[in-house]
Amino acid sequence: MIETVATTPFDDQKPGTSGLRKKVTRFQVPHYAANFIQAIFDAAKPDGGETLVIGGDGRFFNREVILTAIRMAAANGYGRVVVGRSGLLSTPAASNLIRKRRAAGGIILSASHNPGGPDGDFGIKYNIANGGPAPEKITEAIYRHSLAMTEFRIIAQTAPDISKLGETRLGDMVVEVVDPVADYASLMETLFDFGAIRELLASGFRIRFDAMHAVTGPYAKDILENRLGAPAGTVINGEPLEDFGGGHPDPNAVHAKALIDELMVKGGPDFGAASDGDGDRNLIVGRGVVVSPSDSLAVLAANAHLAPGYAGGIAGIARSMPTSQAADRVAQKRGLGMFETPTGWKFFGNLLDAGKVTICGEESAGTGSDHVREKDGLWAVLLWLNILAVRRESVADILSAHWAEFGRNYYQRHDYEEIDKEAAEGLMESLRDRLASMAGQRFGTLVVSEADDFSYRDPVDNSISTGQGVRIVFSGGSRIVFRLSGTGTHGATLRVYIERYEPDAARHGEAPQRALAELIQTADAIGEITKRTGRTAPDVVT
Ligand code: VG1
Ligand code: CO
């Protein structure tokens with residue numbers, strides 16, 4: 001029996017960079033999650049009988065929302081829900097399932113790299129039929145529906161047990177519980193030379209993977225240990241936990257410090273990697289060297305042809321605007337198309353669908369390809385391993401050879417977290433006000449050549465997205481970019497992205513902090529960061 005439940009709208013359900021992200025306690029407010037799910041269905045408008053994929057990263061509150069979403073799908077015309085066992089699906093695995101099962105879309109429950117648990121964060125994201133995050137046109141429609149919400153539909157029966165594989169009926173809908181790993185792992189086998197990677201690992205090449213007690217544990221164990229033969233124990237923190245073991249599932253220098261430290265010692269593993277809460281980010285570490293995500297994108301694009309799935313070459317590369325221009329150098333030298341999009345994976349979907357690009361990446365530890373429509377942490381790890389298996393050089397050697405060939409884009413991102421919202425908005429506003437007069441201004445040895453607020457016209461559907469970040473470019477090509485995060489749940493997070501190109505191989509050995517010192521000072525001078533936020537140093541540098 002379908003129930004129609006009267007409700008009142010919430011005014012804070014505007015999706016951000018990657019879905020709706022709030023504190024768990026906000027999502028626990030009665031009807032909060034149900035309202036948003038109804039808004040998704042109202043925007044998606046199923047005709048009847050469609051398939052919907054549902055899964056999440058296993059964080060606290062995942063199961064409750066999944067059961068609600070299943071019961072609401074049955075009351076909103078879906079014919080089948082495909083759900084990962086126990087509600088688990090990594091974001092890239094969900095994207096793959098949507099595509100493989102020709103689903104109309106998918107709901108992914110995750111707040112990605114944000115901490116979990118009763119006091120942590122939660123999130124709901126909607127992906128469309130191509131497997132990718134809903135584009136702005138749809139997220140805006142979801143928001144409009146949320147503001148006018150008066151009732152939601154839900155089936156009265158309880159949802160089936162999702163811890164057991166198989167099919168059950170719920171009203172007119174079939175609920176199919178699937179192994180979260182199997183289809184994804186088979187997809188990886190079609191892209192990479194598992195035989196070559198197996199030989200590399202058998203030759204004594206040692207790897208370590210930190211799943212951060214998040215969703216990638218079962219995926220990494222099956223792929224790295226079972227299928228590729230890495231020794232048991234290669235995957236650490238491999239059990240998905242509701243609170244990520246109290247940690248912060250963000251694979252960066254702060255939260256993956258233990259892994260990085262292990263790789264920095266003589267005699268440590270040859271290769272280390274980690275992924276985030278929902279499995280779409282990656283950290284790549286070689287012995288003695290952390291690979292910055294922007295460099296990783298460039299190296300992967302330059303070497304992808306070494307893996308069978310990309311043996312025919314790649315069509316083009318896309319990166320988010322704040323990501324370093326290292327990939328552009330590869331595109332230029334190899335005669336490939338290059339696209340610069342706003343932050344967030346949703347902007348890559350059209351380019352991938354149109355076949356304009358094969359590989360995409362963001363500075364925030366996200367890389368992926370046209371095999372799905374999300375960034376994909378384990379995919380990046382496997383592509384690196386495939387490249388290492390063919391080249392038989394160390395990560396450090398591959399990186400320095402890359403810089404020698406293409407030049408080095410020194411790069412850092414400085415995050416100022418949980419700053420006062422008004423101060424953050426004031427800072428951005430003031431920058432925007434000064435943009436027109438900035439060209440020609442001198443800061444130390446740096447002269448501004450151009451300054452703008454990035455706006456993007458999608459080359460496929462011509463949709464326009466404005467206000468995507470303030471860019472200040474200096475003569476010589478160095479850049480400082482300012483933008484506010486769209487994924488935080490408390491206060492505002494200011495992100496400052498700093499980049500300088502160094503063609504001279506003799507100067508590739510500097511620490512980024514040193515190589516960027518003048519730009520870092522200039523960022524504070526131009527952005528008035530200390531003056532406006534009271535902060536004298538960033539909380540996180542990546
Ligand atoms: C951040 C990153 C962005 C990424 C997004 C979602 O967004 O900067 O590159 O696409 O998170 O990633 P923002 O608006 O906070 O800068 V995930 O792995 O958190 O879904
Ligand atoms: Co993520």
**Message:** side chain to side chain donor-acceptor pair (under 3.5 Å) for Ser275 and Asn282? Distances and angles first, verdict last.
**Reply:** CA-CA 5 Å; Ser275 192; Asn282 71 88; over 6 Å; no
Side chains of residues 239-249: which donor-acceptor pairs under 3.5 Å do they make with residues two or more places apart or in other chains?
unit_1, atom_1, unit_2, atom_2, d
Glu239, OE2, Lys221, NZ, 3.1
Asp243, OD1, Gly245, N, 3.0
His248, ND1, His255, NE2, 3.4

**Message:** For a quick check under 3.5 Å, do Asp415 and Thr493 share a side-chain donor-acceptor pair by atom type?
**Reply:** no
**Request:** Look only at the side chain of Ser485 and the backbone of Thr487, and say whether a donor-acceptor pair between them is shorter than 3.5 Å.
**Result:** yes
**Request:** Measure up the Phe41 and Tyr78 rings against each other and bin them: parallel (under 30°), tilted (30 to 60°), perpendicular (over 60°).
**Result:** tilted
**Request:** Take atom CZ of Arg514 as the centre, draw a 6.0 Å sphere, and report whether it contains more than 12 heavy atoms from other residues, nucleotides or ligands.
**Result:** no
**Request:** Using atom types as modelled and distance alone, determine if a side-chain donor or acceptor of Tyr416 lies under 3.5 Å from a backbone N or O of Arg495.
**Result:** no
**Message:** Taking side chain to side chain donor-acceptor pair (under 3.5 Å) as the cut-off, I'd like each qualifying pair that reaches into residues 199-209, sequence neighbours left out, listed once.
**Reply:** Arg208-Glu262
**Request:** Without swapping roles, check the side chain of Asn76 against the backbone of Met72 for a donor-acceptor pair under 3.5 Å.
**Result:** yes
Name the atoms and distances for all side-chain donor-acceptor pairs under 3.5 Å in residues 188-195, with sequence neighbours left out.
unit_1, atom_1, unit_2, atom_2, d
Glu189, OE2, Arg227, NH1, 3.1
Thr190, OG1, Leu187, O, 2.6
Asp193, OD1, Gly195, N, 3.2
Asp193, OD1, Ala196, N, 3.0

**Asked** Just checking, is any N or O donor in the side chain of Ser294 or Ser292 under 3.5 Å from an acceptor N or O on the other one?
**Response** no
**Prompt:** Between Glu363 and Ser324, is there a donor-acceptor pair closer than 3.5 Å when you use the side chain of the first and the backbone of the second?
**Reply:** no
**Prompt:** Any luck finding a side-chain donor-acceptor pair between Tyr497 and Arg483 under 3.5 Å?
**Reply:** yes
**Asked** Charged N to carboxylate O below 4.0 Å: is that the case for Asp121 and Lys23?
**Response** yes
**Request:** Verify whether one side chain among Asp12 and Tyr32 offers a donor that lies under 3.5 Å from an acceptor in the other.
**Result:** yes
**Prompt:** Under 3.5 Å, side chain of Ser95 to main-chain N/O of Arg373, donor-acceptor pair present?
**Reply:** yes
**Asked** Would you say the side chains of Arg281 and His113 form a donor-acceptor pair under 3.5 Å?
**Response** yes
**Prompt:** Sub-3.5 Å donor-acceptor pair from the side chain of Glu176 to the main-chain atoms of Arg80, do we have one?
**Reply:** no
**Message:** For the residue pair Trp345 / Ser320, report whether a side-chain donor-acceptor contact shorter than 3.5 Å exists.
**Reply:** no
**Item:** Over 12 non-hydrogen atoms of neighbours within 6.0 angstrom of CD in Gln157
**Value:** yes
**Check ion pair Glu136-Lys346 (N to O, under 4.0 angstrom)** = no
**Item:** Donor on one side chain, acceptor on other, Thr7 and Asn35, under 3.5 Å
**Value:** yes
**Prompt:** Do the charged groups of Glu374 and Lys125 touch, with an N to O distance under 4.0 Å?
**Reply:** yes
**Prompt:** Are the side chain of Ser394 and the backbone of Asp397 linked by a donor-acceptor contact shorter than 3.5 Å?
**Reply:** yes
**Prompt:** Any side-chain donor-acceptor pair under 3.5 Å between Tyr184 and Asp376?
**Reply:** yes
**Side-chain donor-acceptor contact under 3.5 Å, Ser369 with Tyr310** = yes
